[in-house]
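Only one structure is covered here, and it is reproduced in the block below.
Everything numeric in this text was worked out from a predicted model, so none of it was measured.
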Amino acid sequence: MTSDLSDFEKAQARTADPRFYRQRPHALSAEVEFEIRSDALAWEDAKGNTGSLLYADIERVRLTYDPARIRQTRHVADLFTKAGGRVRVTSTTFAGMGMYKPRNRAFVAFLDTLHNHLAERSSHIRFETGRGWAPYLAFLAVWVACLGAMLWGTWQFWLADQRAIAVALVLMVAYFGWMAGEYARMNRPGIYDPRAIPRGILPKPTESDV
């Protein structure tokens, strides 16, 4: 039986289906559509290239918060294979020169569906957050050092009666402190249950979602 739906209507139906997720990682890549199947995660890009990853070949799943200069709120799910390969899914999609759009709602729905499939095989898969304790502690050390330097500079400007500069530095410390705190909170190394993904490390839906 043939479908009466047009290609556009089929694409729209897949967009609403949490088994499918479409993204364009960056300007030099083609748009790719992932599909959650019964035994594997499959994908096909706009150039017709296809591939798949059997769930049985997955060794680790890692969730991270990976902000970038022009896509600050990007969240990433990395699937590592036993052979050393990696498949990456991100919460943003390239939308033009220097522009990235969030796909938070679709990203979370896709991750929930994928984890439901992986939970049946959780005995051989490690589910983790962050990049490990060594990078995490190194980040904290660097941030504390930078914070100390900025506070010392603020105090020096205050003593030199450069109050406007001192206030501006205080505002900068508060802003970057908040950003660093969010990064540290979402990337704290840990292990999680695939049946209960920590909601606090997942992106929140926004009005600009595409």
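Side-chain contact between Val89 and Val76 is absent, with no heavy-atom pair separated by less than 4.5 Å. The side-chain heavy atoms of Ile36 and His117, taken from C-beta on, include a pair separated by under 4.5 Å. Counting heavy atoms from C-beta on, the side chains of Asn49 and Glu44 never come closer than 4.5 Å. Contact check for Glu33 versus Phe20: side-chain heavy atoms found under the 4.5 Å cut-off. The closest side-chain heavy-atom distance from Val87 to Phe80 is not below 4.5 Å. Between His26 and Tyr100 there is a side-chain heavy-atom pair separated by less than 4.5 Å. Residues Ile125 and Val61 are in side-chain contact: their nearest non-hydrogen atoms beyond the backbone lie under 4.5 Å apart. Residues Phe176 and Leu147 are not in side-chain contact: their nearest non-hydrogen atoms beyond the backbone lie 4.5 Å or more apart.
In this structure, Arg103 is positioned above the aromatic face of Tyr21, its NZ or CZ under 6.0 Å from the six-membered ring centre and within 45° of the axis.
Transitive grouping of hydrophobic side chains (ILVMFWY, heavy atoms separated by less than 4.5 Å) brings Ile58 and Trp43 into a common cluster. Cluster annotation: Val170 is not connected to Trp158 through the hydrophobic network of ILVMFWY side chains, with a link wherever side-chain heavy atoms come within less than 4.5 Å. Linking Ile, Leu, Val, Met, Phe, Trp and Tyr whenever their side-chain heavy atoms come within less than 4.5 Å puts Met172 and Trp178 in one cluster. Linking Ile, Leu, Val, Met, Phe, Trp and Tyr whenever their side-chain heavy atoms come within less than 4.5 Å leaves Val144 and Trp133 in two separate clusters. Follow the hydrophobic side-chain contacts under 4.5 Å out from Ile165 and you reach Leu151 in the same cluster.
A donor-acceptor pair under 3.5 Å is formed between the side chain of Asp209 and the backbone N or O of Arg105. Formation of a donor-acceptor pair under 3.5 Å by the Thr81 side chain with backbone atoms of Arg86 is not found in this model. At least one donor-acceptor pair closer than 3.5 Å links the side chain of Thr93 to the backbone N or O of Arg24.
Judged as a ring-ring contact (aromatic ring centres under 6.0 Å, His included), and not counting sequence neighbours, the contacts of Tyr183 are Phe139. By the side-chain hydrogen bond (donor to acceptor under 3.5 Å, both in side chains) test, Glu35 pairs with Arg37, sequence neighbours left out.
Rounding to the nearest 0.5 Å places CZ of Phe127 at 10.5 Å from CD1 of Ile191. One distance of note links OH of Tyr55 with OG of Ser38; it measures 7.5 Å at 0.5 Å rounding. Here the straight-line distance linking atom OG1 of Thr73 with atom CG of Asn104 works out to 6.0 Å at 0.5 Å rounding. Atoms OG1 and CD1, from Thr129 and Ile201 in turn, are 5.0 Å apart once rounded to the nearest 0.5 Å. Within the model, atoms CG of Leu111 and CD1 of Ile197 stand 6.0 Å from one another, a figure rounded to the nearest 0.5 Å. The line from OG1 of Thr206 to NZ of Lys101 is 9.0 Å long, rounded to the nearest 0.5 Å.
Note on Lys82 versus Glu59: no salt bridge recorded, every NZ/NE/NH1/NH2 to OD/OE distance being 4.0 Å or above. With respect to Glu128 and Arg60, a salt bridge is recorded, a charged nitrogen being found less than 4.0 Å from a carboxylate O.
Listed by first and then second residue, the salt bridge (charged side-chain N to carboxylate O under 4.0 Å, His left out) pairs involving residues 171-183 are Glu182-Arg185 (not counting sequence neighbours). Annotation: salt bridge (charged side-chain N to carboxylate O under 4.0 Å, His left out) contacts involving residues 142-168, sequence neighbours excluded, comprise Asp161-Arg163. Applying the side-chain hydrogen bond (donor to acceptor under 3.5 Å, both in side chains) test to residues at least two apart or on different chains, none of the pairs has a partner in residues 143-157. The side-chain hydrogen bond (donor to acceptor under 3.5 Å, both in side chains) analysis of residues 188-205, with sequence neighbours excluded, yields the pairs Asp112-Arg199, His115-Tyr192.
Looking at every heavy atom in both residues, Phe110 comes nearest to Leu41 through CZ-CD1, 3.7 Å. In terms of heavy atoms, Thr113 sits closest to Pro18 at OG1-CB, 3.3 Å. Taking all atoms of both residues into account, the shortest heavy-atom contact from Pro203 to Phe107 is CG-CD2, 3.8 Å.
Two rings, from Tyr65 and His75, have their centers less than 6.0 Å apart.
For Gln23 and Thr92, the side-chain atoms include no donor-acceptor pair closer than 3.5 Å.
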Evaluation steps, salt bridge (Lys or Arg N to Asp or Glu O under 4.0 Å), between Arg74 and Asp66: CA-CA 6 Å; Arg74 183 179 63 172; Asp66 190 28; 2.5 Å; yes
